[in-house]
2 protein chains.
Amino acid sequence: MSNLSIGQLAQRTGVAIDTVRYYERNGLLQPAGRLASGYRRYGDAELKRLRFIRRAKALGFSLEDVRALLTLSEERNVAKVKRAAQAKLADIEARIAELERVRGGLRTLIAACPGHGRAEACPILNALTDEETH
Amino acid sequence: MSNLSIGQLAQRTGVAIDTVRYYERNGLLQPAGRLASGYRRYGDAELKRLRFIRRAKALGFSLEDVRALLTLSEERNVAKVKRAAQAKLADIEARIAELERVRGGLRTLIAACPGHGRAEACPILNALTDEETH
DNA sequence: CTTGACTCTGGACCGTGATCCAGACTCTAG
DNA sequence: CTAGAGTCTGGATCACGGTCCAGAGTCAAG
């Protein structure tokens, strides 16, 4: 059973101390207790919980999402957790699709641009400057 | 030669009035002039410039990028414009790659999750909860 | 002339996720 | 005991791209 200071917790999870306190302010992570001095103390449960937060964020969940996931996790509600993951996947796929659309536009323009010569012949500038077609 | 109020300019470009003034504060778009009343007046050049801004943003350029692009456009520096577009493309490709990485993680977890049963059997919760392996 | 729509300015505020600060207090090694 | 590292609080600040507001002035139609 570990009994960690905020600095040790931060060090073990790779999360900044200020961020740990920020998560606390936002109701994501409470210390197990406090010393008489007011210093926060964290146990294994909080260590795991902070790792959970860090991993969920790495999977693209917002802090708001993480808050919901933590609740579902505590409720052990597997069905809702799966649905949340599916919703996040759909969200990520939409972002990818949008970026791919943009990528396609840029690629086309770059490929058509000689990179020298008159500005009027630059398809990139033309695309940004020309009249609407739609 | 059009001679537009800020409201007409906003309406023709699909940009909010407040946003037009925001762009002005940030040096992206100055009105052609002012009436005695102080009302802004815009001509064709500003209309085109605002469309340029809107399109560049649709291609993923930040306002900072747009500022640079507008300068390059005025300089008619085709080579630098092309390089800016290439840099932005690389940026977008990196974002896509990162999102694809996340998508892969989520897909794997979702596929392995039965969506019911014990929380301990849910790979999504396990992935968020388990000890590090690396 | 009146009325309603439009515009002006300066500044406050939003969401997201932190990050940093001052000034005070506490803990630990030596 | 002392020095240095760690921690506390509350609040300010950042980036980004706007959005909204009050209160005053202006414009255009009827």
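Scanning both residues, A/I53 and A/L29, for their nearest heavy atoms gives CD1-CB, 4.4 Å.
In this structure, the side chains of A/V81 and B/C122 come closer than 4.5 Å at one or more pairs of heavy atoms. Side-chain contact between B/N3 and B/Y42 is absent, with no heavy-atom pair separated by less than 4.5 Å.
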Distances under 3.5 Å between nitrogen or oxygen atoms of protein and nucleotides 19-24 of chain D:
residue: D/dT19; atom: OP2; partner: B/T19; partner atom: OG1; Å: 2.9

Just the table, please: protein N/O against nucleotides 26-30 of chain D N/O, every pair under 3.5 Å.
residue: D/dT26; atom: O4'; partner: B/Y39; partner atom: OH; Å: 3.3
residue: D/dC27; atom: OP1; partner: B/S37; partner atom: OG; Å: 3.1

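Ion pair A/K48/A/D44 not flagged as a salt bridge, since none of the NZ, NE, NH1 or NH2 atoms sits closer than 4.0 Å to an Asp/Glu carboxylate oxygen. We find that B/E100 and B/R107 are not joined by a salt bridge, their nearest charged nitrogen and carboxylate oxygen being 4.0 Å or further apart. A salt bridge does not link A/E46 to A/R49: none of the charged nitrogens lies less than 4.0 Å from a carboxylate oxygen.
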Show the atom names and distances, to 0.1 Å, of all donor-acceptor pairs under 3.5 Å that link a side chain in residues 108-120 of chain A to residues at least two apart or in another chain.
residue: A/T108; atom: OG1; partner: A/G104; partner atom: O; Å: 2.9
residue: A/E120; atom: OE2; partner: B/R76; partner atom: NH1; Å: 2.6
residue: A/E120; atom: OE2; partner: B/R76; partner atom: NH2; Å: 3.0

May I have the list of side-chain donor-acceptor pairs in residues 17-25 of chain A shorter than 3.5 Å, sequence neighbours left out?
residue: A/E24; atom: OE1; partner: A/R40; partner atom: NE; Å: 2.7
residue: A/E24; atom: OE2; partner: A/R34; partner atom: NH2; Å: 3.4

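Scored by the side-chain hydrogen bond (donor to acceptor under 3.5 Å, both in side chains) test, B/K82 finds no partners at all (sequence neighbours excluded). In this structure B/R103 satisfies the side-chain hydrogen bond (donor to acceptor under 3.5 Å, both in side chains) test with no other residue, sequence neighbours excluded. Here B/N26 pairs with nothing under the side-chain hydrogen bond (donor to acceptor under 3.5 Å, both in side chains) rule; sequence neighbours left out. Taking the side-chain hydrogen bond (donor to acceptor under 3.5 Å, both in side chains) definition, one finds that B/R41 meets it with nothing, sequence neighbours left out. Scanning for salt bridge (Lys or Arg N to Asp or Glu O under 4.0 Å) contacts around A/R83 gives an empty result, with sequence neighbours left out.
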A/R67/A/E64 under salt bridge (Lys or Arg N to Asp or Glu O under 4.0 Å): CA gap, chis, key distance, verdict: CA-CA 5 Å; A/R67 216 188 314 276; A/E64 188 57 39; 3.1 Å; yes

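The stretch residues 57-64 of chain A comes close to DNA chain C through A/K57, A/S62, A/L63, each having a heavy atom under 4.0 Å from the strand. Of the residues in residues 94-105 of chain A, none lies under 4.0 Å from DNA chain D by heavy-atom distance.
The nearest heavy atom of DNA chain C to A/Y23 and to B/S5 marks one nucleotide each, and the one closer to the 5' end goes with B/S5.
B/Q8 places a side-chain N or O within donor-acceptor distance of the main-chain N or O of B/S5, the cut-off being under 3.5 Å.
For DNA chain C, the contact window with chain A, defined by any atom under 4.0 Å from a protein heavy atom, covers C/dG17 to C/dC27 in 5' to 3' order.
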